[in-house]
Protein chains: 2
Amino acid sequence: MNESKTGAAAAGRRRPARERLLVTAARRFYAEGVTATGIDTIIAEAGVAKTSLYNNFSSKAELVRAYLDARHEEWLATYRARLEEAAGPREAVLAVFDTYADCAEAARETGFRGCGLLNVAAELPAGDTARDVVRRHKETVEALILGHLEQLLPERPEEAGALAEHLSFLLEGAMARAGLEGDGSRLAHARTLATALLDGAADKP
Amino acid sequence: MNESKTGAAAAGRRRPARERLLVTAARRFYAEGVTATGIDTIIAEAGVAKTSLYNNFSSKAELVRAYLDARHEEWLATYRARLEEAAGPREAVLAVFDTYADCAEAARETGFRGCGLLNVAAELPAGDTARDVVRRHKETVEALILGHLEQLLPERPEEAGALAEHLSFLLEGAMARAGLEGDGSRLAHARTLATALLDGAADKP
DNA sequence: CGTTAACTGAACAGACCTGTACAGTTTAGC
DNA sequence: GCTAAACTGTACAGGTCTGTTCAGTTAACG
């Protein structure tokens, strides 16, 4: 009945304000951190009334949560694009490293500052539920690597598990160092180290 | 003339307030982040007048800087203690991993949340000078590892360099994941991976 | 055209932020 | 005891913070 009306109205009308808020929040939250970025700054830069923000998000914490979810989805989209170019499981693992490099490259113009998800977790207290979102994101990354390694090393599951953790440590460590230095060269080094590990694992069964 | 007087007064009298401020700031900054922790919270918990804070530190930013310097010195002290137990260069490298585990263990009761230095860097904007303090700290850690590896692999300097970077990525990556999970088991895994790498490098020259 | 939902701008509440000012108290060394 | 330094408590200035309220506007729909 009013399904198409409400649905169309929501799709055609609610989007602009919500979308502009998410785009602006993404830029500011990443560049300056979530605690240091005020609501007033976001609505002014987005050109949106404060009432519209609180019509779309019940609180700043929910906006932060939406930001984290968007970053996770964005990461997955970049990863899937990289995965399409991958020939086999070895290249699929390296696609994860390339995805991290893509993230660094995308943030370069505004000032690369490391992983946006991890940075948010770093400024939230220990029990905050938003930290769990970040924890699960990193677990997803490791699980994706593991999936490819199980194809690469079908007869050696526990070696695949250890290698997946090893590679995910390399990824996160290189990302942290790269963020401090403001460029992605550390991620390129990590990719080189990863290829050596993959070759070593494939060579000597 | 007034050197002994002023010196003694500074040692006997200025310390208490400054020290209590640093101890309290360390606890709060680590647990809740520097931006989310207000000056009033710190002075109340330290039992110190606001005037005393601004007599010892010219601004909150300087207190944050003192916090970072203290964490760096604390790390070095823990590392030196671990290094004394190390038999050779191989064990010296592992002493760095043990130092990270010590940090995680020390923060366990209040709520382990990853590397305190890296967490501060994560909530500061790109150009902030405090980020350089953290960057240099991490470069120091890698340089210490490199020094031990140059002893372990005296004839292969470029392999030592690549391995030092590899091990430092492992350290930081495991620390980040451990912080998200709230316990140090990931650091133990990283240490195991490090021993395998060290054995591999020593075995096949 | 009239309904409905999204949106706007502005004012407001109440709290918290950093940093300063000031008058007075405690403590150490002479 | 006297001086000088560190320290205390309180009040204040001038912002900024999140979140709410409200009256009025815009735009898409049947």
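Side chains are part of it too, since the values below use all heavy atoms of this structure and drop only hydrogens, waters and symmetry mates. Below, chain A is the first sequence line, B the second, and so on; all start at residue 1.
Of the candidate nucleotides C/dC7, D/dT18, C/dG19, C/dC7 has the atom lying nearest to any side-chain atom of A/Pro16. With C/dT18, C/dC7, D/dG9 as the candidates, the nucleotide lying closest to the side chain of B/Ala49 is D/dG9. Proximity note for B/Asn56 (side chain, C-beta onward) versus C/dC7, D/dC7, D/dT18: the nearest is D/dC7. In this structure, of C/dT18, D/dC17, D/dT18, it is D/dC17 that holds the atom nearest to the side chain of A/Thr41. When distances are taken from the side chain of A/Tyr54 to each of D/dT8, C/dG19, D/dT18, the shortest belongs to D/dT18.
Within the 4.0 Å cut-off from OP1 or OP2 of C/dA6, not a single side-chain nitrogen or oxygen of A/Ser52 is found. Remark: A/Arg20 is in phosphate contact with C/dT8, judged by side-chain N or O atoms under 4.0 Å from OP1 or OP2.
The CD1 atom of A/Ile43 sits 11 Å away from the C1' atom of C/dA10 (whole-angstrom rounding). B/Lys60 has its NZ atom 4 Å from the P atom of C/dT18, to the nearest Å. Between A/Asn55 atom CG and D/dT20 atom C1' the separation is 11 Å, expressed in whole Å. Per the geometry, CZ belonging to A/Phe57 stands 14 Å off C1' belonging to C/dA6, to the nearest Å. Protein atom CD1 of B/Ile39 is 18 Å distant from nucleotide atom P of D/dT16, rounded to whole Å. To the nearest angstrom, P of C/dT18 lies 13 Å from CG of B/Leu21. Counting to the nearest Å, the P atom of D/dA6 and the CG atom of B/Leu53 are 15 Å from each other. Regarding B/Asp40, its CG atom lies at a distance of 14 Å from the P atom of D/dA11, rounded to whole Å.
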Protein-nucleotides 13-15 of chain C N/O pairs closer than 3.5 Å?
none

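Side-chain to base pairing of A/Thr51 with D/dT20: no donor and acceptor N or O lie closer than 3.5 Å to each other.
At distances below 3.5 Å, not a single donor-acceptor pair connects side-chain atoms of A/Ser52 with backbone N or O atoms of A/Val48. Proximity of a side-chain donor or acceptor of A/Arg113 to a complementary backbone N or O of A/Tyr30 within less than 3.5 Å is detected.
Note on B/Ser58: nothing from the nucleic acid sits closer than 4.0 angstrom, heavy atoms only.
In A/Arg135, the CZ atom is crowded: over 12 heavy atoms of neighbouring residues, nucleotides or ligands sit closer than 6.0 Å.
Using bins of under 30°, 30° to 60° and over 60° for the plane-to-plane angle, the ring pair B/Tyr79/B/His148 lands in the tilted bin.
Across every non-hydrogen atom of A/Leu149 and A/Ala160, the tightest pair is CD1-O, 3.5 Å. Of all heavy-atom pairs spanning A/Cys103 and A/Trp75, the tightest one is SG-CD1, 3.8 Å. Minimum interatomic distance between A/Glu123 and A/Val34 (heavy atoms only, all atoms of both residues): OE2-N, 2.9 Å.
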